[in-house]
Engineer: 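Below: one structure in C-alpha cells.
As a basis for the values below, the full set of heavy atoms in this structure was taken, side chains included, without hydrogen atoms, waters or symmetry mates. These numbers come from a predicted model, not from an experiment. Whatever order the structure lists ligands and atoms in, that order sets their numbers, starting from 1.
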Amino acid sequence: MTSDQKFGKAINILSFMNSKEIVVDDSELDKIFGHPEIQDRKVVIMSIIGAFRGGKSFFLDYCLRFLYAHFPSINNPWEETQCIFETNDSWMGESDEPLTGFSWRSGTKRDTTGIIMWNDVFLHTLDRTGEKIAIFVMDTQGLFDNESTPADNSRIFALGNLISSIQLLNLMNRAQEDHFQYLQFATEFAKFAGSSMIEKPFQNLTFLIRDWNNDDEYSYGTAGGNKYIKEVLSPNNCNNQELQSVRETIFECFNKIECCLLPYPGKIVASRKNYDGRWSEMNEEFRSELKTFIEFLLMPDNLIIKQINSIDVNVKDMSQYLKNFFTIFQS
Ligand code: GDP
Ligand code: MG
C-alpha cells in the first residue's frame with residue numbers, strides 16, 4: 001500500500017530503536033506544528049494505539065476521508081462556511097476507491113516502533129465557542145506484540161495519552177486485564193513527566209473493540225460499547241485488590257472513558273491478500289457501524305481541545321511541549 005494521500009503524507013516523528021533509545025525527528029515536528037497560519041489555533045490531536053495488525057491505520061484512513069470531506073486543511077484550503085455535516089455516504093468515497101493515507105497492511109512483520117503523524121492539518125472554527133482549532137491525526141505502531149516489552153508498551157501508551165486529546169485504544173475481541181495494566185503503568189509515567197495529578201493528566205480514552213462477537217448482550221456502536229466498558233470497569237466486577245486499584249486509577253486519570261464495539265468486517269477485509277481497502281468489500285454491518293462511529297467521533301461537538309494542566313494548548317506551544325515530553329521519556 002502507498003502511504004500517499006493526495007494532500008499529505010504519514011511522517012514518522014518518533015522511533016524506538018532497540019526498544020530503548022528514542023529518536024525524534026525535530027525538523028519534521030517543526031514542519032508539522034510550525035506552519036505560520038495555524039500558530040494561534042487550539043490543538044485537537046487524535047491518536048490510536050494498540051497491537052499490530054489490528055486495523056488501526058485502516059481505521060485512521062477512513063477518518064482522513066471524513067476529515068477531508070468536512071474540513072479545509074493547510075494543503076487543501078477552502079472557505080469554511082462550506083462545511084456541511086450531511087448524513088449521507090458521500091464522505092466515504094467511491095465504493096471501489098482504494099484506501100490510502102497511513103500505510104496499512106504493511107506485511108506480517110512490523111518494521112518500526114513509533115509515532116507517525118499525518119503532515120496535513122485540518123482547520124475548523126467551533127460553532128459553540130468561535131474558537132479556531134487545528135486537528136492533527138496520529139498513528140502508532142509496534143506495540144503489544146511479542147517483540148515489545150511491557151515497559152515499551154506503557155511508555156508509548158503514556159506518550160500517546162499525554163500528546164493527544166482524543167485517544168483510541170484499539171483492541172481485538174474484548175478488553176482484557178493486561179490492557180488495563182498498561183493504563184496503570186502509563187499513569188506512573190505521566191506523573192514522572194510532570195503532569196500534576198491534582199488534575200486528571202489525560203483527556204478522552206475511547207476503547208475501540210474490533211471483531212466484537214457478542215452483540216446479543218452488548219449491541220454494536222457506542223451504546224453497547226459504553227454499557228460494556230462500564231460493566232468491565234465496575235468495581236463489583238473484580239475480586240482482586242490489585243485489579244481494583246487499576247480500575248480506580250483509570251477513572252482518576254481520564255476525563256472521559258468511552259467504548260465502541262465494531263463487528264467483524266468480513267473475510268475479505270480481514271484476510272484477503274490483495275484487498276485494497278475499498279468499502280464495497282466490507283460486510284454491510286461493519287461499513288455502517290464504521291461510518292456511524294467516525295461521524296460521532298469527529299463531529300465538531302466531540303472535538304476536544306488538548307489541555308495540559310487544564311489549560312488549552314495552542315499550536316505554537318505544542319512542538320515545544322512534545323520535545324519536552326520526548327526528552328523526559330528518553331531518560
Ligand atoms: P495496524 O497494524 O493495526 O495498523 O493494522 P492495519 O490497519 O495495517 O490493518 C491490518 C489488517 O487488518 C489489514 O489487512 C486490514 O484489511 C485488516 N482489518 C482492518 N479492519 C479490521 C477489523 O476491524 N477486523 C479485522 N479482523 N481485520 C481488519
Ligand atoms: Mg498501522
Engineer: Can you tell which part of S57 has a heavy atom less than 4.0 Å from ligand 1: side chain, backbone, both or neither?
Structural biologist: both

Engineer: State the atoms of ligand 1, each with its element, that fall below the 4.0 Å cut-off from a heavy-atom position in P265.
Structural biologist: 21 (C), 22 (C), 23 (O), 24 (N), 25 (C)

Engineer: Would you say R210 and ligand 1 have an N/O pair spaced under 3.5 Å apart?
Structural biologist: yes

Engineer: Name the one of F66, F122, F293 that satisfies side-chain contact (heavy atoms from CB on, under 4.5 Å) with L298?
Structural biologist: F66

Engineer: D96 vs S280, test: side-chain hydrogen bond (donor to acceptor under 3.5 Å, both in side chains). Steps then yes/no.
Structural biologist: CA-CA 6 Å; D96 61 351; S280 59; over 6 Å; no

Engineer: For the backbone of L99 and the side chain of D276, can you confirm whether one donor and one acceptor N or O come within less than 3.5 Å of each other?
Structural biologist: no

Engineer: Is it true that F286 and Y264 have ring centroids separated by less than 6.0 Å?
Structural biologist: no

Engineer: Verify, without hydrogens or angle tests, whether D215 (side chain) and Y220 (backbone) share a donor-acceptor contact under 3.5 angstrom.
Structural biologist: no

Engineer: For F102, which part has a heavy atom under 4.0 Å from ligand 1: side chain, backbone, both, or neither?
Structural biologist: neither

Engineer: Side chain, backbone, both or neither: which applies to K56 and ligand 1 if a contact is any heavy-atom pair less than 4.0 Å apart?
Structural biologist: both

Engineer: Do any nitrogen or oxygen atoms of D139 come within less than 3.5 Å of a nitrogen or oxygen of ligand 1?
Structural biologist: no

Engineer: Within ligand 1, which atoms have a heavy atom of R105 less than 4.0 Å away?
Structural biologist: 6 (P), 8 (O), 13 (C), 14 (O)

Engineer: Just by distance, no angles: are the side chains of E295 and W91 close enough, under 3.5 Å, to form a donor-acceptor pair?
Structural biologist: yes

Engineer: Please say whether R53 places an N or O atom under 3.5 Å from an N or O atom belonging to ligand 1.
Structural biologist: yes

Engineer: Which bit of S103 gets closer than 4.0 Å to ligand 1, counting heavy atoms only: side chain, backbone, both or neither?
Structural biologist: neither

Engineer: For a quick test of reading the model, state the closest non-hydrogen atom pair linking A175 to I229 and the distance between them.
Structural biologist: CB-CD1, 4.4 Å

Engineer: Output the list of atoms in ligand 1 that are nearer than 4.0 Å to some heavy atom of A51, sorted by atom number.
Structural biologist: 3 (O)

Engineer: Would you mind telling me if ligand 1 is within reach of the side chain of V269, the backbone, both or neither, using heavy atoms under 4.0 Å?
Structural biologist: both

Engineer: Against heavy atoms of F52, which atoms of ligand 1 measure under 4.0 Å?
Structural biologist: 2 (O)

Engineer: Is the shortest distance from a heavy atom of L262 to ligand 1 less than 4.0 Å?
Structural biologist: no

Engineer: Which heavy atom of F102 sits nearest a heavy atom of A10, and at what distance?
Structural biologist: CD2-CB, 3.7 Å

Engineer: Should G277 be listed as contacting ligand 1, given a heavy-atom distance under 4.0 Å as the test?
Structural biologist: no

Engineer: Taking only heavy atoms of A270 into account, list the atoms of ligand 1 that are under 4.0 Å away from them.
Structural biologist: 26 (N), 27 (N)

Engineer: Any side-chain to backbone donor/acceptor pair from S15 onto G114? Under 3.5 Å, distance only.
Structural biologist: no

Engineer: Is the backbone of H35 close enough, under 3.5 Å, to the side chain of Q39 for a donor and an acceptor to pair up by distance?
Structural biologist: yes

Engineer: Has S57 got an N/O/S atom less than 2.8 Å from the Mg ion (ligand 2)?
Structural biologist: yes

Engineer: Check contact between F286 and ligand 1, using heavy atoms of the residue and a distance below 4.0 angstrom.
Structural biologist: yes

Engineer: Within the 3.5 Å criterion, strictly below it, is a donor on D317 or Q320 matched to an acceptor on the partner's side chain?
Structural biologist: no

